[in-house]
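Step one of this worksheet: look at the structure below.
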Amino acid sequence: MSDPQAIRVENLGRVYKIRAVKKGEARERVALTDVNLDVPRGELFGLLGPNGAGKTTLIKILTTLLAPTTGRALVAGYDVARQAPEVRPRINMVSGGESSGYGLLTVRENLWMFGQFYGLDTQTTHARIDALLEIVGLADRAHTKTSDLSTGLRQKMNIVRGFLTDPEVVFLDEPTLGLDVGASRDIRRFVRQWMAERAGRTVLLTTHYMAEADELCDRVAIINAGRVLACDTPANLKRRLQREALFKLETSPLVNGALTTFQTLPGVRKVLHAPHDGFSALDLSLEADSALSGVIGALTAHNASIISLQKREPTLEDVFVDVVGMSMTEAEKHGD
Amino acid sequence: MTTLVNTRPPDRGWRLFLRTIVARAYPRVVGQQREKAWIFFETFLPFLATVGYIYVYRAMQAPEDYIGFVVMGGAMTAFWLNVMWSMASQLYWEKESGNLALYVMAPNSLMAILLGMALGGMFATTLRAVIITVLGSLLFGIQFQVSSYLQLLVVFVLTMTALYGLGMLLASLFLLWGREAWQISVALQEPIYFLSGFYFPIRSFGFAIAMSASIVPLTLGMDAMRQLVFATGPALGFLPVQVEVAVLLVLAVGFVAAARFWLSYMERRAIEEGTLTDRRR
């Protein structure tokens, strides 16, 4: 296809009709509002947002599983709503925590079955299965029944399934959800390697793990409550905050009054407080280093002692807080 | 990862259709071999019910061919159970496991998936049906008197085509639903046993009820097969075999065509409403 964009999303919206539990309750839920995105071929693009932000809804639309209510989306140059048969051979998807396939079949048999659904001949399918299982470290489990695999190994099998068809565009929906550190690292390594070796292939990754997006993605869109609020490279997004001074502060337990005081101090832009057992953790966003003296003064006034103080570089978490106005955890609670 | 290069382009069209059928039938055929406990429970339990009816007929001193009728009914029960639980409500389970989204998203046709499910299920169930028939025949000394093997084969194939066509139609209709589909299967199971004459000749109902029950392909299929394999079969039959064959042919074509239409319609609606992947909205 001549379209340089692997994914093109224009004014996309989706409203779900919900069965009312009580009379008079809202019967609609807006999942996406006026989303616009362009993802060029060869890019690893991240959608970052809390649970319920609309990430999965967007992926479902892009994978032809859900019709948009408004706007349109093109994948590999084809309209997902009107040209689904053209889109489907070119894409694949892997979701976190999915239990696809059949437990009675072995890893190889399940993968072979899904390969057949894409029209791959058996010889090609087995050659690819061998190559991919080797890369994800699952070669010795090829003849293990899927029901006997651990969650991490099963997800590695799912990853192989998603890449087996050598798709032009791969959608990874929270692919490392619930996995241990080792399995998550292996999957990230595999995705990076695949992107490096398959020029022009595109990955759209949704995650609510900031570090994952930061580590993997060429560009990131921050999405919350169905709207894309920012979209740029992780470096550029973080650069926005470099005019701010960011500190991580641990103190003796704080009372709520102290927090209110901090937020009204001159030069203090944002304060995020996380109470822990026996201490309080504060993330401070200040206009300049000089504002720190006011915070320390206020801490002293509230009889709080400083356990540790660290100046740090901005992260995507800080960007998220800056763009959305609350942390990812708070956004998830808000969404619920 | 250079081994990912195709040795030849992926199949499309009818080749992909056939590949999908074979691939989706595979888990059912292989699953049968891997979980031998299934064979025991899905053969032994229906066989127990069959034996119960046999002793009732013996106690009543019913004609001996009734014992054969019951054994045949018991064998066909396996197919009805397979259609209800592994066809009609199967897309519900596929949705729960996440397979349905992958099936829809792949370039294959959902119709090929359903056909694969049907063929695989038919293969696996035939084994159970044969075991029930052989066991019942040996234990109770059933005398078969087949009047035409060719007609018997035609009736069996048509019955299976119509029955699994019905299963595919129900699966299509249930595509929009979640657990309701499972509950409908529960609700349909026993009434169909009764109305289709699994354990007695359908003729006992009288013409109107027997004709209404004939919408379920097993009703006429079993009636025709009983007429073809038992000496007293024709005397106890509901309609002439040729008529039953004609009706079964209409049902087979009708159910498969209806399944194709509704599957396409329901898939479109499910995509619009967002019920393909979500259990309930």
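Scope of the values below: all heavy atoms of this structure, side chains included, with no hydrogens, waters or symmetry mates. Proteins get letters first, then strands, A, B, ... in listed order; numbering begins at 1 in each.
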Original post:
What is the minimum heavy-atom distance between Pro27(B) and Met113(A), and which atoms define it?
Top reply: CG-SD, 3.6 Å
**OP:** Could you pull out the closest heavy-atom pair between Gln116(A) and Ala23(B), with the gap in Å?
**Re:** CB-CB, 3.5 Å
Original post:
Listed by residue number, which members of residues 100-123 of chain B have a heavy atom under 4.5 Å from any heavy atom of chain A?
Top reply: Ala101(B), Leu102(B), Tyr103(B), Val104(B), Met105(B), Ala106(B), Pro107(B), Asn108(B), Ile113(B)
Subject >> Arg268(B) portion near chain A, given a 4.5 angstrom heavy-atom threshold >> reply: neither
Original post:
So with a 6.0 Å cut-off around CZ of Arg188(A), is the heavy-atom count from everything else above 12?
Top reply: yes
Original post:
Who passes salt bridge (charged side-chain N to carboxylate O under 4.0 Å, His left out) against Arg88(A), sequence neighbours left out?
Top reply: Glu267(B)
Original post:
What pair of heavy atoms forms the shortest contact from Gly274(B) to Arg14(A), and how long is it?
Top reply: N-NH2, 4.0 Å
**OP:** Under 4.5 Å heavy-atom distance to chain B, tell me which part of Pro89(A) shows up: side chain, backbone, both or neither.
**Re:** both
Subject >> Close side-chain approach of Glu109(A) and Tyr26(B), heavy atoms under 4.5 Å >> reply: yes
Original post:
Going by heavy atoms in the side chains, are Leu105(A) and Val30(B) under 4.5 Å from each other?
Top reply: yes
Original post:
Which pair of non-hydrogen atoms, one from Ile271(B) and one from Thr64(A), has the smallest distance, and what is that distance?
Top reply: CD1-O, 3.5 Å
**OP:** Take Arg19(B) and Asp121(A), measure what side-chain contact (heavy atoms from CB on, under 4.5 Å) needs, and give me the verdict at the end.
**Re:** CA-CA 9 Å; Arg19(B) 271 191 191 285; Asp121(A) 65 275; 3.6 Å; yes
Subject >> For the student: nearest non-hydrogen atoms of Tyr118(A) and Arg12(B), plus distance >> reply: O-NH1, 3.0 Å
Original post:
Of the backbone (N, CA, C, O) and the side chain (C-beta and beyond), which part of Asn110(A) lies under 4.5 Å from a heavy atom of chain B, both, or neither?
Top reply: neither
Original post:
Out of Lys145(A), Arg161(A), Glu134(A), Glu86(A), which one racks up the most heavy-atom pairs below 4.5 Å with chain B?
Top reply: Arg161(A)
Original post:
Measuring heavy-atom distances to chain B, does Thr122(A) have an atom under 4.5 Å in its side chain, in its backbone, in both, or in neither?
Top reply: both
Subject >> Interatomic spacing from CG in Leu65(A) to OG1 in Thr275(B) - rounded to 0.5 Å >> reply: 11.0 Å
